[in-house]
Novice: 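Just dropping this structure here.
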Amino acid sequence: MSDKILYEGKSKIVYQGPDSESYIIRYKDTATAFNGEKKEDLSGKGKLNAAISNLIFEYLMKNGIETHLIKVIDDTSVLVKKTEIIMVEVIVRNVAAGSFSKKYGIAEGTALKNTVVEFSLKSDELGDPMINESQITAIGIAAADELSLLTKLALRTNELLSALFIKTGIKLIDFKLEFGRCDAPGGGKRIILCDEISPDSCRFWDAATNKKLDKDVFRRDLGDVLEGYREVLGRLQNA
Ligand code: TMP
Ligand code: ASP
């Protein structure tokens, strides 16, 4: 594996890939919350998140969503297509929880009358503030047509993931997606799904008991964090 680190994030390391069009991403065991304020090494988290995210990306790709995943290298590393990351996080919510519940005073677990799509500026320095579409286009982070594509892709991903998770007895409460631009074969740019989809970036509740199977167990000190991650992986493998 190339060992030239291009970027080290809180939970993953990005290395130069074998050619100029790819990166290698390695999942770390580090868990962080509250913009890195709370931090702990959870042995085996990297492997679990890699396995869960790879399984989900492969499912999405089979169902027509383009992603950066080229191939799985080993149990913590993947080869991915090089992209220019669009500096917004796209958050999709099916049920009120987390910052949405806090900000708007809606009890966690309240069903939403429609799916919510939100954007946050990807900036650790600023604490990922929420940002609206006219603010995003005004700053020049993404164009209006790109934003409508991000919204469309996020909603389609939500439909596909909701259909997958319902079979596992897990409620998909909310999740965060990241996208990148890459060169389109015939010239121009296209937008593909990047980063990861794992219990670090989603809220998963057991459908029967509402037990949390995601990073909220770490954020809120609710017990064995990886127990839920193992449960999610096991159920996806049997879906
Ligand atoms: P929130 O309710 O804290 O805004 O989180 C919404 C979703 O986004 C939740 O599934 C967790 C995920 N998320 C991330 O992936 N990274 C983050 O930095 C934050 C704050 C949330
Ligand atoms: N990923 C973010 C952090 O490390 C926040 C979170 O997921 O709660 O701080």
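Ligands are counted one by one from 1 in listed order, and the atoms in each one are counted from 1 as well.
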Novice: Starting from Met130, can I reach Val88 by hopping between I/L/V/M/F/W/Y residues whose side chains sit under 4.5 Å apart?
Specialist: no
Novice: Output side-chain donor-acceptor pairs under 3.5 Å for residues 225-232, partner residues at least two apart or in another chain, one line each.
Specialist:
{"unit_1": "Glu227", "atom_1": "OE2", "unit_2": "Lys211", "atom_2": "NZ", "d": "2.7"}
{"unit_1": "Tyr229", "atom_1": "OH", "unit_2": "Asp200", "atom_2": "OD1", "d": "2.6"}
{"unit_1": "Glu231", "atom_1": "OE2", "unit_2": "Arg235", "atom_2": "NE", "d": "2.8"}
{"unit_1": "Glu231", "atom_1": "OE2", "unit_2": "Arg235", "atom_2": "NH2", "d": "3.2"}

Novice: Test side-chain contact (heavy atoms from CB on, under 4.5 Å) on Ile25 and His68 and set out the steps.
Specialist: CA-CA 11 Å; Ile25 294 179; His68 69 168; 3.8 Å; yes
Novice: Picking from Asp206, Asn94, Asn210, what satisfies side chain to side chain donor-acceptor pair (under 3.5 Å) with Lys171?
Specialist: Asn210
Novice: Give the other cluster members for Ile192, using side-chain heavy-atom distances under 4.5 Å between Ile, Leu, Val, Met, Phe, Trp and Tyr residues; answer none if it is isolated.
Specialist: none
Novice: What residues come within 4.0 Å of ligand 1, counting heavy atoms only?
Specialist: Ile91, Arg93, Ala97, Gly98, Ser99, Asp128, Asp174, Phe175, Lys176, Asp200, Ser201, Cys202, Arg203, Arg219
Novice: Write out the protein residues near ligand 2, meaning a non-hydrogen atom under 4.0 Å from one of its atoms, in order of chain and number.
Specialist: Lys10, Thr32, Ala33, Phe34, Asn35, Gly36, Lys215, Arg219
Novice: Treating Tyr27 as the side-chain partner and Leu48 as the backbone partner, does any N or O pair qualify as donor plus acceptor under 3.5 Å?
Specialist: no
Novice: When you look at NZ of Lys62, are more than 12 heavy atoms from neighbouring residues, nucleotides or ligands closer to it than 6.0 Å?
Specialist: no
Novice: Run the ring-centre check on Tyr15 versus Tyr23 and record whether the distance is less than 6.0 Å.
Specialist: no
Novice: Mind checking whether Ile191 and Ile139 sit in one hydrophobic cluster, side chains of I, L, V, M, F, W, Y counted as touching below 4.5 Å?
Specialist: yes
